[in-house]
Amino acid sequence: MAALNWLTEIADAQIVVSSVWRYRGDLAERLRQGGVRARVIGTTPTLATTVSTPTRGAEIMAWLQCHASRPFVILDDDRDMDDLIGCLVQTSPEKGLTLPLAELALNQLVPRRFRTR
């Protein structure tokens, strides 16, 4: 949690949830109770049909097409990102987001030459 809070504060970033957590009620409140300080601004759409199960990348792309206007990074322990794989900082299912991984994510969000801190 400390690495996520550090990242979102330094980069002035907000959170969009694409995991199965998006189906749980009061998601933003649950994250706050867990120690997340960043603002949760949305969840990705569910694109699943009875015929196919889309990748996480497809669901993220659908959200980006409607909302994104800032740089973004994907933090996930899975690699099903399709064309967005270059935006992924892959976390460990056991350790989560570590400070070194948060630093990699920061480099995608705010290149060093533009950082003010």
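Sequence positions, counted from 1, serve as the residue numbers for this chain.
The closest side-chain heavy-atom distance from D12 to V110 is not below 4.5 Å. Here the side chains of M1 and W6 are not in contact, with every heavy-atom distance at 4.5 Å or above. L109 is not listed as a side-chain neighbour of I10, based on a closest heavy-atom distance of 4.5 Å or more. Using a 4.5 Å cut-off on side-chain heavy atoms (C-beta onward), V16 and T43 make no contact. Side-chain contact check for E59 versus S18: every heavy-atom pair is 4.5 Å or farther apart. Counting heavy atoms from C-beta outward, V17 and V40 have side chains that approach closer than 4.5 Å.
Across all non-hydrogen atoms, the minimal contact from L7 to A102 is CD1-O, 3.6 Å.
With sequence neighbours excluded, no residue forms a side-chain hydrogen bond (donor to acceptor under 3.5 Å, both in side chains) with T8. Q33 pairs by the side chain to side chain contact (heavy atoms under 4.5 Å, CB included) definition with E29, not counting sequence neighbours. For R39, the salt bridge (charged side-chain N to carboxylate O under 4.0 Å, His left out) criterion is met by no residue, not counting sequence neighbours. Residues passing the side-chain hydrogen bond (donor to acceptor under 3.5 Å, both in side chains) test with Q65, sequence neighbours excluded: none. For A62, the side chain to side chain contact (heavy atoms under 4.5 Å, CB included) partners are P45, L47, not counting sequence neighbours.
Between T98 atom OG1 and L101 atom CG the span is 3.5 Å, to the nearest 0.5 Å. Put simply, CD on E9 and CG on L4 are 9.5 Å apart, with the number rounded to the nearest 0.5 Å.
In the hydrophobic cluster analysis, where Ile, Leu, Val, Met, Phe, Trp and Tyr join through side-chain heavy atoms closer than 4.5 angstrom, I15 is grouped apart from I60. Both I74 and M61 are assigned to one and the same hydrophobic cluster, defined by single-linkage of ILVMFWY side chains at heavy-atom distances under 4.5 Å.
Sorted by first and then second residue, the ring pair (Phe, Tyr, Trp, His ring centres under 6.0 Å) pairs with a member in residues 77-98 form an empty list; sequence neighbours excluded. Residue pairs that meet the ring pair (Phe, Tyr, Trp, His ring centres under 6.0 Å) test with at least one member in residues 67-103, sequence neighbours left out, are W63-H67.
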Pairs under 3.5 angstrom only: tabulate donor-acceptor contacts from the side chains of residues 78-93 to other protein residues two or more places apart or in another chain.
{"from": "R79", "atom 1": "NH1", "to": "Q90", "atom 2": "OE1", "distance (Å)": "3.2"}
{"from": "D80", "atom 1": "OD2", "to": "R56", "atom 2": "N", "distance (Å)": "3.2"}
{"from": "D82", "atom 1": "OD2", "to": "T55", "atom 2": "OG1", "distance (Å)": "2.3"}
{"from": "Q90", "atom 1": "NE2", "to": "D77", "atom 2": "O", "distance (Å)": "3.2"}
{"from": "T91", "atom 1": "OG1", "to": "D76", "atom 2": "O", "distance (Å)": "3.4"}
{"from": "T91", "atom 1": "OG1", "to": "D77", "atom 2": "N", "distance (Å)": "3.4"}
{"from": "S92", "atom 1": "OG", "to": "E94", "atom 2": "N", "distance (Å)": "3.1"}
{"from": "S92", "atom 1": "OG", "to": "E94", "atom 2": "OE1", "distance (Å)": "3.1"}
{"from": "S92", "atom 1": "OG", "to": "K95", "atom 2": "N", "distance (Å)": "3.1"}

